[in-house]
2 protein chains.
Amino acid sequence: MAGSTADLLPQELRILVAVAERGGFSAAATALGLTQSAVSHSVRGTEAKVGAVLFERGRSGAAPTPAGERAVALGRRILRMYEVLAAEARGAGRDTVEGVLRIAAFRSAALHLLPPALERLAARHPGIRPEVRVVREIGAGAAGEVAAGRADLGIATLGGSQDGPPGLLTGVLAQEAYRLVHPAGHPDPRGLPLMDWDENCGSYTRSWWRAQDWIPRATVKAEDDAMVLTMVGRGLGMAIMPELSLREATAAVDITDLGPGGPVRQVGYVTTTESASTLAVRDLIRELRSERG
Amino acid sequence: MAGSTADLLPQELRILVAVAERGGFSAAATALGLTQSAVSHSVRGTEAKVGAVLFERGRSGAAPTPAGERAVALGRRILRMYEVLAAEARGAGRDTVEGVLRIAAFRSAALHLLPPALERLAARHPGIRPEVRVVREIGAGAAGEVAAGRADLGIATLGGSQDGPPGLLTGVLAQEAYRLVHPAGHPDPRGLPLMDWDENCGSYTRSWWRAQDWIPRATVKAEDDAMVLTMVGRGLGMAIMPELSLREATAAVDITDLGPGGPVRQVGYVTTTESASTLAVRDLIRELRSERG
DNA sequence: CCCATCCATGAACGCCGCTCATAGAACGAG
DNA sequence: CTCGTTCTATGAGCGGCGTTCATGGATGGG
């Protein structure tokens, strides 16, 4: 942990992050308004201070080594903490904050959970500029964005396949049931092929899935829950989807409950302690919590 | 949050922290091996960048303003993150870590909970140097130490009077019951005066307390649980104490249960996300969790 | 085969954070 | 009241270091 490391200047962190983001020294240089030489010198110096090779230099750019990945992720969060420091110190005493609030969320949450909460947040803190980024909930998902320092708050499904990188602040926002969607007025909806999509991978759902003998194997797979929904609307099959995704349901589909023992998923927030010390993040979480429906 | 703030150099953070810790510009200067002038210039520059007055200059030194308090706390955590960055990047690939691990805990936890866990941690990571600091559990307590960036991991009683500053990672480690201690072989222990001490302030305990009509008002108050215990041993009274404190009980006292409905307290850990991403902290929490008895 | 596009390297420049020197302010002692 | 002590504030000047400029080596594509 504590090494006799010389200072890493914030500028060096910025360069580190830029190199990782742009995929090369030259690209990072132009992005930062610097010379390629400056970037090369800086990275070399950083590697000397840290004591590890951070980038694999190759023909077309530079790729982070495992050590580089860690360094970049932590660097992003350090840079973010600088901003928080300035904002908190400036705003100490006042009860409002201003600045950018970076949010990462999966599609249906960004569409239906965030807007009302953000509206109320904006009413309370007019100076805040939320930046919502839609993130596919595969791999690390929204939690990964937070861990990598690319977002201050993430909206994700909790307790699913893997609960993300360790060392994140999480909390449950809502519990939502899965329901059955099928073409409106279809005579035998359960005879239709079952549709699935990439991000649909809660483990409890899967187990409930297998226990139901009436459910056929998924035959059609789509990229997106919205796509599944429109395909169901056109009579191409049925699907089992969480309530949030069903907010976009049109009259072309019918929705039926799966009963009390049906599968459920938990939607929650993910953040870091340095972001959680921010008024903006705390207030947004409160607004999200106070949401009903 | 995001201001158009110029960079705050790590050195400026170090100066900030030193001024807060030493209580003055001159003292900070000598502590850092700098000139008083350098400190003065640096602080002035920092205040300009941040856009707020951080220290109240007075006759004998400088005291942080509210804005300064926030800045110093975040600054300490940023500096710590630099160390973590270097250590993690260096150790990427290897599965062991080395360096200082700063722990804050209340007395009885430091004495009875930490040692076995630290022993196992040392076996796994020989390079780690734990620094345990005993903290009185009044005010912000161990959680405050973590929030202020003075410790990486805190051991505290959770859910008590106030659950500390927001934005901390917490988890329950153990649930322990309160029990009754009284002088060994005393004919009427419940007739003795009840002893209390400063840090004994769990809210649920208090309520249970009041519901028991046989308990007299606390008449004797001590500073420390250990002091209470020895005073009980000398026949000066009886006390209701948590199990951890009773590990030091001698043959001079008898211990009796309070029954199934008795008061309980939860002992847990407190940390930040940037510390929690550290292997050392994660492993120590695991060791603490695996403890029984 | 040559050119385009990467990164590496050395020398010179200029900014900025440091020291040195000095001034101002506040408080206690005599 | 005045001197002495102990704080911080400020200006001038130096030096380290991060930057640019210029150039070289390596690697593939047309």
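No experiment lies behind these values; they were computed from the predicted model shown.
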*Quick one: on DNA chain C, does B/Gln36 or B/Ser42 contact a more 5' nucleotide (nearest heavy atom)?*
B/Ser42
*In whole angstrom, give the distance that lies between atom CZ of B/Arg22 and atom C1' of D/dC7.*
17 Å
*asked:* Between A/Glu145 and A/Arg102, does any side-chain N to carboxylate O distance fall below 4.0 Å?
replied: no
*Looking only at side-chain N and O atoms, does A/Ser37 come under 4.0 Å of OP1 or OP2 in D/dC21?*
no
_By the 4.0 Å heavy-atom rule, please label A/Gly61 as base, sugar-phosphate, or nothing._
sugar-phosphate
*Phosphate oxygens OP1/OP2 of D/dA26: is one of them under 4.0 Å from a side-chain N or O of A/Arg59?*
no
*When we call it a touch if two heavy atoms are under 4.0 Å apart, what does B/Ser40 touch: a base, just sugar-phosphate, or nothing?*
base
Listed pairs under 3.5 Å, donor-acceptor, residues 19-26 of chain B side chains, sequence neighbours left out:
{"residue": "B/Glu21", "atom": "OE2", "partner": "B/Arg76", "partner atom": "NH1", "Å": "2.9"}

*Evaluate side-chain contact (heavy atoms from CB on, under 4.5 Å) for A/Ile128 paired with A/Leu118, printing each intermediate quantity in order.*
CA-CA 10 Å; A/Ile128 284 185; A/Leu118 285 178; over 6 Å; no
*Would you indicate what A/Gln11 reaches in the nucleic acid, counting non-hydrogen atoms under 4.0 angstrom: base, sugar-phosphate, or nothing?*
sugar-phosphate
*Determine the sole option in B/Val270, B/Val146, B/Ile285 for which the side-chain contact (heavy atoms from CB on, under 4.5 Å) test with B/Leu153 is passed.*
B/Ile285
*Terminal contacting nucleotides, 5' and 3', DNA chain C versus chain B (heavy atom, 4.0 Å)*: C/dG17 to C/dC27
*Check every strand shown and say whether B/Gly45 touches a base, only sugar-phosphate, or nothing at a heavy-atom separation below 4.0 Å.*
nothing
*Of A/Ala62 and A/His41, whose nearest nucleotide on DNA chain C comes first from the 5' end?*
A/Ala62
*Would you mind checking if A/Glu274 and A/Arg80 are paired as a salt bridge, meaning a charged N to carboxylate O distance below 4.0 Å?*
no
*Could you state the CD1-P distance from A/Ile15 to D/dC17, rounded to the nearest angstrom?*
16 Å
*asked:* What is the separation between atom CG on A/Leu32 and atom C1' on D/dT19, rounded to the nearest whole Å?
replied: 13 Å
*Once you round it to whole Å, what is the distance between P of D/dT10 and CD of B/Glu47?*
11 Å
*Ignoring hydrogens and angles, state whether a donor on the side chain of A/Thr273 or B/Arg77 is under 3.5 Å from an acceptor on the partner side chain.*
yes
*Report the C-alpha distance between A/Arg57 and A/Glu47 in whole Å, list the side-chain angles of each, state the deciding distance to 0.1 Å, and finish with yes or no for salt bridge (charged side-chain N to carboxylate O under 4.0 Å, His left out).*
CA-CA 13 Å; A/Arg57 284 88 149 157; A/Glu47 289 179 327; 2.8 Å; yes
*How many Å lie between CG on B/Leu9 and P on D/dG18, as a whole number?*
10 Å
_At 4.0 Å (heavy atoms only), tell me whether A/Arg57 reaches a base, stays on the sugar-phosphate, or touches nothing._
sugar-phosphate
